[in-house]
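Notes follow the structure.
Given the structure is predicted, the values throughout are model-derived calculations rather than measurements. Values below: all heavy atoms of this structure, side chains included; hydrogens, waters and symmetry mates excluded. Whatever order the structure lists ligands and atoms in, that order sets their numbers, starting from 1.
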Amino acid sequence: MEKRVKKLDHTSHLILHRTSQKEVRDGVTVIVKGEGIWVYDQNGKRYLDLDAGVTRPVHVGHGSKELAQAAYDQMCRLAYFTPMSFANVPAMELAEVLSGIAPAGINRFIFECGGSEAVETAMKLAKHYHYYRGDKGRFKIMSRRGAYHGVNGIGLRALGTVMPMRQVMEPLAPGAAFIESPYCYRCPHHLAPQNCDMACARDLARIIEFEGPEQFSAFIGEPIQQAYGALKPPAEYWPIIRDICDRYGILLIIDEVICGFGRTGKMFATEHFDVKPDMITMAKGLTSGYVPLGAVGCADKVMEPIEVFNHLHTYGNHPVPCAVGVKNIEILERDRLVENSAAMGDYFLDGLKNLQDHPSVGEVRGTGLWLAIDFTIDKKSRAPYPTANLMNLLARAKKKGVITKTMGLALEFAPPLTIRKDEIDFALKVVEACITEEEKALGL
Ligand SMILES: Cc1ncc(COP(=O)(O)O)c(C=O)c1O
């Protein structure tokens, strides 16, 4: 028997993340249980979880007793010991497993509590790398307009997000510069893909020259970008960025927090491109969200000059989430979930392509099980779809039993990697019904 719970409202003591007072006054759904790709609310209503917990970490699906058992076993054996001057077995084991599956050259690992902390740590490691080589003036981070790299200090500074998270927290610490994102559907440089000569990537050199090449520590970017919805850049993009970073002695950090662990049909999305990062950041799918864990993977080149990494986090290299991480990767490999992501991703994308005749469907995109529909109210001018109508789509889908999310002007889909064809068919049917209803309301 489920414990009886009611909706969260203004009488609750809990503060929610990024939730308006209006939403709270209207009453917020409480999710009480999850099984596979399904979750259940306080009234027992079932939803297909089309974004793996909405922030998309739940790669192996909900309700894995194996992951729970791994956490339990490790807590009984050793729940905690410091990451300074001592090691523990699960952290060593997870580092070894990761060295076997990470992009070529990524060989040394440090563990934190989530993606934001992983990003902070990567940027601190970059600063240490330059500092110990006697290059102490390099402090700036290059990011992209449209980027999201977390909510902490340096990550927040590098936030080029479309959401108002950056603006509220200003003034931010100095030291961030931005290039545009490779958003071909609505090119920020107002160019067409057939004759743009990858201006969005080549512009990196111009901005570095303007800002002062000797001041730059690192470039950070997601291999496939969440901003605007599951945005895969053209094949030439990352090699150009790598080349410019090398030319100016800047480290390249590839942020795999969303993409890593099979989300895009490969273990890491870096594998879709001909590029070698100096560091990668990871979180989410590393433990399928069952316990908080983030990580940074470094090439030997980065760690070699660093005598001491002046950094200490009580919960760093924590044995319990690391034990869950080891079991999680075992499940991903044993159940061939990365392969399922590639196959089901293709199937899902084909289904989305069938929606392209809808007047409001601007572009559909997808790599593995990370997909999006970019909406417009005018296919010719690609004019933005109003946010209010996007939110209506979410509400309509929820009513019909599908939980999904928006990103930029898009609906974004990132289900557990265990999803099957019949479940995708159900999701597509609901999504199409919602689009049709909203188009009618808009008079399209
Ligand atoms: C690319 C990227 N980096 C970093 C983060 C921050 O991770 P966390 O929310 O675990 O702090 C996120 C979160 O969505 C992300 O998408």
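Judged by the shortest distance from any of its heavy atoms, Ile258 lies inside the 4.0 Å radius around the atoms of ligand 1.
Among protein heavy atoms, atom 9 (O) of ligand 1 sits closest to Ser116 OG, 4.3 Å. In terms of protein heavy-atom proximity, atom 14 (O) of ligand 1 is closest to Lys284 NZ, 2.9 Å. With hydrogens left out, the protein atom closest to atom 4 (C) of ligand 1 is His149 C, 3.5 Å, a heavy atom.
Of the heavy atoms in Gln226, only side-chain atoms (C-beta onward) come closer than 4.0 Å to ligand 1.
The N/O atoms of Arg56, backbone and side chain alike, include none that comes under 3.5 Å of an N/O atom in ligand 1. Backbone and side-chain nitrogen or oxygen atoms of Gly115 are examined, and one is located within less than 3.5 angstrom of a nitrogen or oxygen of ligand 1. Residue Asp255 has at least one N or O atom closer than 3.5 Å to an N or O atom of ligand 1.
Ring planes of His128 and Tyr132: tilted class, angle from 30 to 60°. Using the six-membered ring where Trp is involved, His313 and Tyr315 have ring planes that are tilted, between 30° and 60° apart. Between Phe348 and Phe413, the ring planes lie parallel to each other; the angle is under 30°, not in the 30° to 60° tilted range.
With 3.5 Å as the limit, one finds no donor-acceptor pair spanning the side chains of Glu438 and Ser360.
Atoms CD and CG, on Glu423 and Leu48 in that order, are 6.0 Å from each other to the nearest 0.5 Å.
Ring centroids of Tyr248 and Phe216 are separated by 6.0 Å or more, keeping the two rings apart.
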